[in-house]
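See structure below.
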Amino acid sequence: MAIYQYYLAFIPKIGLLKKHEVIPNEIEIGQETEYFEANTDEYWELAQVTFHEIKVGIDKIIEKANWGNDIDSFNWKTYKDEIDNDAWMSINPETQKITELSFRADLRETNLKFLKGMLELAETYKMMLMDRKGNLLSSNFDELKTFIKMSNPFKFIENPEKFIDDLHNGK
């Protein structure tokens with residue numbers, strides 16, 4: 001993941017409500033390995049959302065990647081040197097249900113067209129968004145801006161030298 005990319009995972013509201021009865025402010029992310037684990041599959045299982053319409057919606061926002069597409073996953077990628085957006089969807093090929101859906105928006109993109117398109121998709125399909133810290137967010141761009149401004153990708157873009165100095169100093 002590039003430092004200027006902001007990660008978000010889609011989570012169906014209905015899955016969250018079936019599990020928690022209310023939409024929580026955050027959910028626990030995986031800590032078992034050294035890698036980030038979204039742990040959203042349970043919510044997708046509870047929601048039973050088929051992939052077809054959502055895939056078509058993503059196809060309208062970003063081109064399919066020329067790698068990694070199979071019977072159980074789809075990948076999308078922007079192929080430009082100055083922009084690096086991508087998305088990934090995992091599905092159960094037998095049931096056609098989504099098991100995970102996430103994307104990384106390049107915060108350097110003018111007007112954040114990809115990010116805003118994905119937020120519209122989340123709104124259309126009644127999805128919440130989860131950041132890398134497990135915070136659950138609505139598809140409202142103004143709400144999301146607060147979290148983006150606290151993120152490492154934003155801090156890097158705003159002042160790369162200060163960001164690297166802060167890392168070096170343990171901040």
Side-chain angles (χ1 to χ4, degrees), residues 1-13 29-30 34-41 43-44 49-93 96-164 167:
M1 181 165 126
I3 187 62
Y4 42 77
Q5 287 180 314
Y6 189 74
Y7 169 91
L8 289 167
F10 278 64
I11 303 176
K13 286 181 184 178
I29 56 172
E34 292 180 26
Y35 299 101
F36 172 76
E37 298 171 37
N39 288 346
T40 61
D41 53 337
Y43 303 106
W44 286 103
V49 177
T50 56
F51 76 91
H52 305 283
E53 288 182 24
I54 295 174
K55 179 192 167 296
V56 169
I58 297 171
D59 286 343
K60 292 177 182 176
I61 298 168
I62 187 171
E63 292 182 30
K64 276 284 223 31
N66 57 15
W67 47 265
N69 297 298
D70 205 350
I71 63 168
D72 62 353
S73 67
F74 301 102
N75 292 276
W76 294 266
K77 180 80 173 162
T78 303
Y79 289 102
K80 296 179 182 175
D81 290 338
E82 62 278 355
I83 300 295
D84 190 9
N85 293 310
D86 57 57
W88 175 71
M89 178 189 292
S90 175
I91 63 168
N92 178 322
Q96 307 274 301
K97 307 294 186 207
I98 297 173
T99 58
E100 192 170 344
L101 174 57
S102 62
F103 67 96
R104 299 181 301 185
D106 189 332
L107 296 182
R108 303 171 304 165
E109 182 179 29
T110 304
N111 297 324
L112 300 171
K113 183 180 174 185
F114 171 74
L115 175 60
K116 289 177 179 177
M118 294 300 278
L119 294 178
E120 288 176 21
L121 196 67
E123 182 68 26
T124 298
Y125 292 100
K126 297 177 177 65
M127 302 286 170
M128 296 295 294
L129 299 161
M130 181 190 74
D131 68 10
R132 291 186 68 81
K133 294 181 180 178
N135 296 307
L136 290 178
L137 312 162
S138 76
S139 56
N140 179 293
F141 182 70
D142 288 330
E143 178 187 338
L144 184 60
K145 275 195 308 193
T146 302
F147 287 88
I148 289 173
K149 287 182 177 181
M150 294 185 295
S151 73
N152 284 342
F154 183 83
K155 290 175 187 175
F156 176 79
I157 291 169
E158 191 175 49
N159 188 337
E161 190 172 322
K162 181 182 181 322
F163 178 81
I164 292 170
L167 276 180

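Heavy atoms only: backbone and side chains are in, while hydrogens, waters and symmetry mates are out.
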How long is the gap from CG on D86 to OG1 on T78, to the nearest 0.5 Å? 7.5 Å
Mind checking what makes ring pair (Phe, Tyr, Trp, His ring centres under 6.0 Å) contact with Y4, not counting sequence neighbours? none
How long is the gap from CD1 on I54 to CE on M89, to the nearest 0.5 Å? 5.5 Å
Residues in ring pair (Phe, Tyr, Trp, His ring centres under 6.0 Å) contact with F103, at least two apart in sequence or another chain: F10, F114
Between CG of L121 and CD1 of I61, what distance do you get to the nearest 0.5 Å? 5.0 Å
Can you tell me which residue pairs pass the salt bridge (charged side-chain N to carboxylate O under 4.0 Å, His left out) test with a partner in residues 106-119, sequence neighbours excluded? D106-R108
One pair to check against side-chain contact (heavy atoms from CB on, under 4.5 Å): F51 and L101. What are the steps and the verdict? CA-CA 10 Å; F51 76 91; L101 174 57; over 6 Å; no
Listed by chain and number, what are the side chain to side chain donor-acceptor pair (under 3.5 Å) partners of D142, not counting sequence neighbours? K145
Going through the checks in order, is the side-chain contact (heavy atoms from CB on, under 4.5 Å) test met by N159 and F163? CA-CA 6 Å; N159 188 337; F163 178 81; over 6 Å; no
Give me each pair satisfying salt bridge (charged side-chain N to carboxylate O under 4.0 Å, His left out) with a member in residues 152-162, each pair once, sequence neighbours excluded. K162-D166
What heavy-atom pair brings R132 and Y7 nearest, and what distance separates the two atoms? CG-CD2, 3.3 Å
Between the CD1 atom in I148 and the CD atom in E143, the distance rounded to the nearest 0.5 Å is 11.0 Å
What residues, two or more places apart in sequence or in another chain, satisfy side chain to side chain donor-acceptor pair (under 3.5 Å) together with E100? none
Under 3.5 Å donor-acceptor pairs involving side-chain atoms of residues 62-69, not counting sequence neighbours:
{"residue": "N66", "atom": "OD1", "partner": "Y79", "partner atom": "OH", "Å": "2.9"}
{"residue": "W67", "atom": "NE1", "partner": "Y79", "partner atom": "OH", "Å": "3.1"}
{"residue": "N69", "atom": "OD1", "partner": "N75", "partner atom": "N", "Å": "2.6"}
{"residue": "N69", "atom": "ND2", "partner": "A65", "partner atom": "O", "Å": "2.8"}
{"residue": "N69", "atom": "ND2", "partner": "W67", "partner atom": "O", "Å": "3.4"}

Partner residues of F154 under the ring pair (Phe, Tyr, Trp, His ring centres under 6.0 Å) criterion, sequence neighbours left out: none
Holding to side chain to side chain donor-acceptor pair (under 3.5 Å), I want the full list of residues that pass it with K77, two or more places apart in sequence or in another chain. D84
Donor-acceptor pair, distance only, cut-off 3.5 Å: does the side chain of T99 make one with the backbone of N92? no
Which atom pair, heavy atoms only, marks the closest approach of L129 to S138? CD1-O, 3.8 Å
By side chain to side chain donor-acceptor pair (under 3.5 Å), which residues pair with Q96, not counting sequence neighbours? H52
With rounding to the nearest 0.5 Å, note down the distance linking CG in L112 to OH in Y6. 12.0 Å
So which pairs with a foot in residues 53-62 pass salt bridge (charged side-chain N to carboxylate O under 4.0 Å, His left out), sequence neighbours left out? K55-D59
Distance col, row F74:CZ vs I91:CD1, nearest 0.5 angstrom, shows 4.5 Å
Distance-minimising heavy-atom pair for P12 and V49: CB-CG2, 4.3 Å
With heavy-atom distances below 4.5 Å as the criterion, would you say the side chains of L8 and L115 are in contact? yes
Please list, chain by chain and in numerical order, all residues satisfying ring pair (Phe, Tyr, Trp, His ring centres under 6.0 Å) with Y125, sequence neighbours excluded. none
Has N111 got more than 12 heavy atoms of other residues, nucleotides or ligands less than 6.0 Å from its CG? no
Minimum heavy-atom distance M118-A87, with the two atoms named: CE-CB, 4.3 Å
